[in-house]
There are 2 protein chains.
Amino acid sequence: MNIGDVAERTGLPAKTIRYYEDIGLVTPQRGSNGYRVFRDTDAHKLTFLGRARQLGFSIDECRDLLALWEDRNRASADVRAIAKGHLDDIESKIKGLVAMRDTLAELVRDCAGDHRPDCPILKGLEGP
Amino acid sequence: MNIGDVAERTGLPAKTIRYYEDIGLVTPQRGSNGYRVFRDTDAHKLTFLGRARQLGFSIDECRDLLALWEDRNRASADVRAIAKGHLDDIESKIKGLVAMRDTLAELVRDCAGDHRPDCPILKGLEGP
DNA sequence: ATTGACCTTCCCGTGACTGGAACCCTTATG
DNA sequence: CATAAGGGTTCCAGTCACGGGAAGGTCAAT
């Protein structure tokens, strides 16, 4: 498989796949013409990476998950620890965003949004 | 006021304040020794910027908000449009994160997290 | 032989800072 | 008066995970 084929199969842009090779996440072989040659295992790895990235795992977390995925003697506790850590990150991000949204929604709600200059949003940004 | 004073008053790191000057958000004067000299209006601007950034507005949005803030003839509709656009962004970010969290929480819930290699999280990342 | 679709490497840019190096200014102290 | 601490200054590089685009090599079909 060339990079275009694997890009289509995995849904990842070719650029991303090259980047993943750069940082050592996949190691495709090379054909005599210099083209990357991907085997099925490479495609599977990339699918795995794509899904992990979709779930918001960082590249470093993906690297660790990938290592565990390929380790038949792994302990599921190690996988779970990474996922749980990331889950906590997401939760706190959500909390931050919800707080932002609530504050902002209140300001937007109170703003007339007409031709007049008087604006509670700007007032809210001035100070507490 | 020197940069340290205004940093303390606004809660922004000095580095950030210098950066804001670099990109033209504030234009403090300079003393004979080359030090930045901040007036009260500068400090107020920076407080405004800090709060806008806390609410997740981008630097470009902050620039626009600042211009409106300083324009006595502004229409509150313009402010509201920016805020509403940003609010929508936040909402969709929250939605994305909540979807991530739900998927991930399910995987974490189903994972035993013990010494055995069997792991629903890795299985979930393999494919649908 | 030439097109057009692939592929390659390389370098720069993103957003909003942060860290660090190397150096200057001010004030307090021995 | 020398010095040390604690400000300040500029500039450069790095972050994260790619994306855009240039310059050029390769392949299949016409």
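All chains are named by letter (A, B, ...) in the order of the sequence lines, taking the proteins before the strands, and each is independently numbered beginning at 1. The structure displayed is predicted, hence computed values, not measured ones.
- A salt bridge is defined here as a Lys NZ or Arg NE, NH1 or NH2 lying under 4.0 Å from an Asp or Glu carboxylate O, and A:D42 with A:K45 fails to meet this definition.
- In this structure, A:D22 atom CG and C:dT8 atom C1' are separated by 12 Å, rounded to whole Å.
- For the pair A:Q29 CD and C:dT8 P, the computed distance is 14 Å after rounding to whole Å.
- Of the candidates D:dA17, D:dT26, D:dG20, the closest approach to any side-chain atom of A:Y35 belongs to D:dT26.
- Ring planes of A:W69 and A:F48: parallel class, angle under 30° (limits at 30 and 60°).
- Here the nucleotide nearest the side chain of A:R30, chosen from C:dC17, C:dT8, D:dG19, is C:dT8.
- With rounding to whole Å, B:E21 atom CD is found 15 Å from C:dC17 atom P.
- Comparing C:dA16, D:dG19, D:dT9 by their nearest atom to the side chain of A:K15 picks out D:dG19.
- Residues A:L12 and A:L46 come closest through the heavy atom pair CD1-O, 3.5 Å.
- Between D:dC16 and A:S58, no contact under 4.0 Å exists linking OP1 or OP2 to a side-chain N or O.
- Position along DNA chain D of the nearest nucleotide to A:D60 versus B:N33 favours B:N33 as the more 5'-ward residue.
- Using a 4.0 Å heavy-atom criterion, one finds that B:Y20 contacts the sugar-phosphate atoms exclusively.
- With rounding to whole Å, B:R18 atom CZ is found 14 Å from C:dA21 atom C1'.
- Atom-to-atom, CG of A:L49 to C1' of D:dC16 comes out at 16 Å; the value is rounded to the nearest Å.
- Within the nucleic acid shown, B:R53 comes within 4.0 Å of sugar-phosphate atoms alone, with no base atom in reach, counting heavy atoms only.
- If B:F57 and A:N2 are placed on DNA chain C by their nearest nucleotide, the residue sitting closer to the 5' end is A:N2.
- With a 4.5 Å cut-off on side-chain heavy atoms, A:V108 and A:R101 do not count as touching.
- The phosphate of C:dA16 (OP1 or OP2) has no side-chain N or O of B:T16 nearer than 4.0 angstrom.
- Nucleotide D:dG7 holds its P atom 14 Å from the CD1 atom of B:I17, rounded to whole Å.
- Of the listed nucleotides (D:dT9, D:dG21, C:dT9), C:dT9 has the atom at the smallest distance from the side chain of A:R36.
- Using a 4.0 Å heavy-atom distance criterion, A:I3 is classed as a sugar-phosphate-only contact.
- Distance CG (A:D5) to P (C:dA5): 16 Å, rounded to an integer number of Å.
- Looking only at side-chain heavy atoms (C-beta outward), A:C62 and A:R53 come within less than 4.5 Å of each other.
- Taking atom CG of B:D89 as the reference point, atom C1' of C:dG15 lies 15 Å away to the nearest angstrom.
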